[in-house]
Amino acid sequence: MKLYYDPLSTESRAVLLFAHEHRLKFDEEIVSVWDGAHLSDVFAGLNPNRTLPLLVDRNLRLTQASTILKYLAELTGSQTYPHSLHPRILVNERMDWFVGGLARDFLHGFIYPQMFPACRYAAAEHQTALRRHLAASHRWLCILDRHILASSPYVCGADLTIADYLGATYVGVGDWIGFSLADYPNVAAWMDRMRSLQAWSTSHHEFEAGLIARWSPEIAERLAGAQAGLVSDPV
């Protein structure tokens with residue numbers, strides 16, 4: 001198997017977290033997001049979506065982190081992807097919820113437009129769009145805090161699953177802009193549990209070091225000021 005990834009890619013880190021936790025070994029190739037290597041015609045020949053990660057196993061090419069996690073869990077017989085029907089379906093549902101709900105507003109709608117010039121909204125609508133997606137993000141985080149994690153340590157119950165690997169990596173992107181989870185104590189406690197995994201620091205080290213190298217204190221201060229001007233009360 002060969003994994004194409006970049007530690008600065010959010011979904012790559014979800015796969016790396018699982019891989020390090022399960023001591024998996026791949027042939028690896030880093031495809032630099034910052035240099036735009038994932039957008040090249042050469043990489044498009046492997047993955048026409050031009051996204052990361054990409055897992056190649058013989059004639060099989062998987063381009064979605066959620067699917068890659070399920071595939072690796074199947075290959076390894078990992079208990080993080082239960083074999084019985086109802087627990088497995090719940091894992092699938094939670095992963096779909098993260099991808100189609102929280103990630104859509106929290107990452108793509110709110111955080112990435114503040115970090116990457118290519119993701120910014122048109123100037124006339126930038127602040128309005130950020131407010132809209134921040135409000136939606138609060139709704140998703142309220143659901144995560146008050147329903148999904150209200151009475152269990154992990155998103156599918158008492159046991160860690162691949163849904164936690166994916167979801168925690170998404171929520172952890174809030175560190176880019178100093179997003180506070182103070183209003184979401186159950187989410188904050190869950191993130192503490194996930195960050196305590198031995199593989200978390202291994203899979204996130206290059207990401208965190210990359211942020212330090214690329215974002216100066218002046219940029220961090222500007223982002224903090226911009227966020228302070230947005231709607232931040234939970235919905």
*Asks:* To the nearest 0.5 angstrom, please state how far the CG atom of Asp57 sits from the CG atom of Leu75.
*Replies:*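 The CG atom of Asp57 sits 6.5 Å away from the CG atom of Leu75.
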*Asks:* Taking only residues two or more places apart in sequence or in another chain, which ones pass side-chain hydrogen bond (donor to acceptor under 3.5 Å, both in side chains) with Thr51?
*Replies:*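 Counting only residues at least two positions away or on another chain, Thr51 forms a side-chain hydrogen bond (donor to acceptor under 3.5 Å, both in side chains) with Asn47.
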*Asks:* Using the side-chain hydrogen bond (donor to acceptor under 3.5 Å, both in side chains) criterion, which residues pair with Thr169? Sequence neighbours excluded.
*Replies:*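 Listed in chain order: nothing, the list is empty.
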*Asks:* Do Leu39 and Val42 belong together in a cluster built from hydrophobic side chains that touch within less than 4.5 Å?
*Replies:*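 No; tracing contacts between hydrophobic side chains, which count when under 4.5 Å, never links both residues.
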*Asks:* Would you give the length of the straight line joining atom CG of Asp96 to atom OG of Ser66, rounded to the nearest 0.5 angstrom?
*Replies:*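 Between atom CG of Asp96 and atom OG of Ser66 there are 6.0 Å.
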*Asks:* Answer with yes or no whether the hydrophobic clustering places Trp200 together with Tyr154; edges join I, L, V, M, F, W, Y residues whose side-chain heavy atoms lie under 4.5 Å apart.
*Replies:*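 Yes; tracing contacts between hydrophobic side chains, which count when under 4.5 Å, links both residues.
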*Asks:* Are Phe116 and Ile177 joined in one hydrophobic group, where the rule is that I, L, V, M, F, W and Y side chains link up if heavy atoms are under 4.5 Å apart?
*Replies:*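 They do share one cluster, since a chain of ILVMFWY contacts under 4.5 Å joins Phe116 to Ile177.
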*Asks:* Looking only at heavy atoms, what is the nearest atom pair of Gly77 and His83, with distance?
*Replies:*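 Nearest pair, atom of Gly77 first, then His83: O-NE2, 4.4 Å.
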*Asks:* On a heavy-atom basis, which atom in Met194 and which in Ala168 lie closest, and how many Å separate them?
*Replies:*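 Here Met194 and Ala168 meet closest at CG-CB, 3.6 Å.
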*Asks:* Which distance, rounded to the nearest 0.5 Å, do you find between the CE of Met115 and the CZ of Arg120?
*Replies:*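 The CE atom of Met115 sits 11.5 Å away from the CZ atom of Arg120.
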*Asks:* Could you tell me which residues satisfy side-chain hydrogen bond (donor to acceptor under 3.5 Å, both in side chains) with Asp192, sequence neighbours excluded, listed by chain and number?
*Replies:*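 None.
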*Asks:* Among Leu72, Thr76, Val91, find the residue that satisfies the side-chain contact (heavy atoms from CB on, under 4.5 Å) test when tested with Tyr81.
*Replies:*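 In the set Leu72, Thr76, Val91, the residue that makes a side-chain contact (heavy atoms from CB on, under 4.5 Å) with Tyr81 is Val91.
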*Asks:* With no hydrogens and no angle check, is any side-chain donor or acceptor of Asp27 less than 3.5 Å from a backbone partner on Lys2?
*Replies:*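 Side chain of Asp27 to backbone of Lys2, a donor-acceptor pair under 3.5 Å: no, none is there.
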*Asks:* Between Glu11 and Leu52, which heavy-atom pair has the shortest distance, and what is it?
*Replies:*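 So the two residues come closest at CB-O, 4.1 Å.
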*Asks:* Side chains of residues 100-112: which donor-acceptor pairs under 3.5 Å do they make with residues two or more places apart or in other chains?
*Replies:*
residue, atom, partner, partner atom, Å
Arg104, NH1, Gly100, O, 2.8
Asp105, OD1, His133, ND1, 2.7
Asp105, OD2, Trp140, NE1, 2.8
Tyr112, OH, Thr10, OG1, 2.7

*Asks:* Under a single-linkage definition using a 4.5 Å side-chain heavy-atom cutoff for Ile, Leu, Val, Met, Phe, Trp and Tyr, are Leu62 and Phe26 assigned to the same hydrophobic cluster?
*Replies:*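 The answer is yes; both residues are in one hydrophobic cluster.
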*Asks:* Calculate, to the nearest 0.5 Å, the distance between atoms CD and OG belonging to Gln198 and Ser203 respectively.
*Replies:*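 Answer rounded to 0.5 Å: 11.0 Å.
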*Asks:* Side chain of Arg61, backbone of Val56: donor and acceptor closer than 3.5 Å?
*Replies:*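 Flag not set: sc Arg61 to bb Val56 has no pair under 3.5 Å.
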*Asks:* Partners of Pro87 by side chain to side chain contact (heavy atoms under 4.5 Å, CB included), sequence neighbours excluded?
*Replies:*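 For Pro87, the residues satisfying side chain to side chain contact (heavy atoms under 4.5 Å, CB included) (neighbours in sequence not counted) are Pro82, Ser84.
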*Asks:* Name all residues meeting the salt bridge (Lys or Arg N to Asp or Glu O under 4.0 Å) criterion together with Arg50; count only those two or more places apart in sequence or in a different chain, and write none if there are none.
*Replies:*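 Arg50 satisfies salt bridge (Lys or Arg N to Asp or Glu O under 4.0 Å) with Asp41 only.
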*Asks:* Other members of the hydrophobic cluster containing Leu90, with the 4.5 Å side-chain heavy-atom rule, please.
*Replies:*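 Under the 4.5 Å side-chain rule, Leu90 groups with nothing.
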*Asks:* Do Ile89 and Asn92 make a side-chain contact, defined as non-hydrogen atoms from C-beta onward lying under 4.5 Å apart?
*Replies:*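 Yes, side chains in contact.
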*Asks:* What verdict does the side chain to side chain contact (heavy atoms under 4.5 Å, CB included) test give for Phe179 and Leu141, after you've listed the backbone C-alpha separation in whole Å, the side-chain angles of each residue and the deciding distance to 0.1 Å?
*Replies:* CA-CA 12 Å; Phe179 188 88; Leu141 288 167; 3.7 Å; yes
*Asks:* Is there a side chain to side chain contact (heavy atoms under 4.5 Å, CB included) between Ile68 and Phe18 once you walk through the steps?
*Replies:* CA-CA 10 Å; Ile68 293 172; Phe18 179 93; over 6 Å; no
*Asks:* Before giving the answer on side chain to side chain contact (heavy atoms under 4.5 Å, CB included), spell out for Val15 and Leu3 the whole-Å C-alpha distance, their side-chain angles and the decisive distance to 0.1 Å.
*Replies:* CA-CA 9 Å; Val15 173; Leu3 181 67; 4.2 Å; yes
*Asks:* Which pairs with one or both residues in residues 36-72 pass ring-ring contact (aromatic ring centres under 6.0 Å, His included), sequence neighbours excluded?
*Replies:*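 Qualifying pairs, neighbours excluded: none.
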*Asks:* Verify, without hydrogens or angle tests, whether His147 (side chain) and Ile143 (backbone) share a donor-acceptor contact under 3.5 angstrom.
*Replies:*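 Such a contact is absent between His147 side chain and Ile143 backbone.
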*Asks:* Can you tell me how far apart OH (Tyr184) and CE (Met191) are? Round to the nearest 0.5 Å.
*Replies:*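 Nearest 0.5 Å value for the OH-CE distance: 14.5 Å.
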*Asks:* Locate the shortest heavy-atom distance separating Met95 from Leu69; write the atom from each residue and the value.
*Replies:*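 Of all heavy-atom pairs spanning Met95 and Leu69, the closest is CE-CD1, 3.9 Å.
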*Asks:* Considering only distance and modelled atom types, tabulate donor-acceptor pairs under 3.5 Å from the side chains of residues 159-167, sequence neighbours left out.
*Replies:*
residue, atom, partner, partner atom, Å
Thr161, OG1, Ala163, N, 3.2
Thr161, OG1, Asp164, OD2, 3.4
Asp164, OD1, Val155, N, 3.0
Asp164, OD1, Trp190, NE1, 2.9
Asp164, OD2, Thr161, N, 2.9

*Asks:* Give me the atom names and distance for the closest heavy-atom approach of Ser9 to Val33.
*Replies:*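 Nearest pair, atom of Ser9 first, then Val33: CB-CG2, 4.3 Å.
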*Asks:* Show the numbers, then the answer: is there a side chain to side chain contact (heavy atoms under 4.5 Å, CB included) between Leu54 and Val31?
*Replies:* CA-CA 10 Å; Leu54 166 67; Val31 180; over 6 Å; no
*Asks:* What residues, two or more places apart in sequence or in another chain, satisfy side chain to side chain contact (heavy atoms under 4.5 Å, CB included) together with Ala129?
*Replies:*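 Ala129 satisfies side chain to side chain contact (heavy atoms under 4.5 Å, CB included) with Tyr121, Arg132 only.
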*Asks:* Any idea which heavy atoms bring Cys156 and Arg94 closest together, and the distance?
*Replies:*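 Closest approach of Cys156 to Arg94, heavy atoms only: SG-CG, 3.6 Å.
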*Asks:* Are Tyr170 and Trp176 connected, step by step, through hydrophobic side chains (Ile, Leu, Val, Met, Phe, Trp, Tyr) whose heavy atoms are closer than 4.5 Å?
*Replies:*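 Yes; Trp176 is reachable from Tyr170 via cluster members.
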*Asks:* In chain order, what residues pass the side chain to side chain contact (heavy atoms under 4.5 Å, CB included) check against Thr202, with sequence neighbours excluded?
*Replies:*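 Thr202 satisfies side chain to side chain contact (heavy atoms under 4.5 Å, CB included) with His20 once adjacent residues are dropped.
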*Asks:* Report the distance from atom CG of Leu60 to atom CE of Met1, rounding to the nearest 0.5 Å.
*Replies:*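 The CE atom of Met1 is 10.0 Å from CG of Leu60, to the nearest 0.5 Å.
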*Asks:* Quick one: list whatever passes side-chain hydrogen bond (donor to acceptor under 3.5 Å, both in side chains) with Gln79, sequence neighbours left out.
*Replies:*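 With sequence neighbours excluded, Gln79 shows a side-chain hydrogen bond (donor to acceptor under 3.5 Å, both in side chains) to no residue whatsoever.
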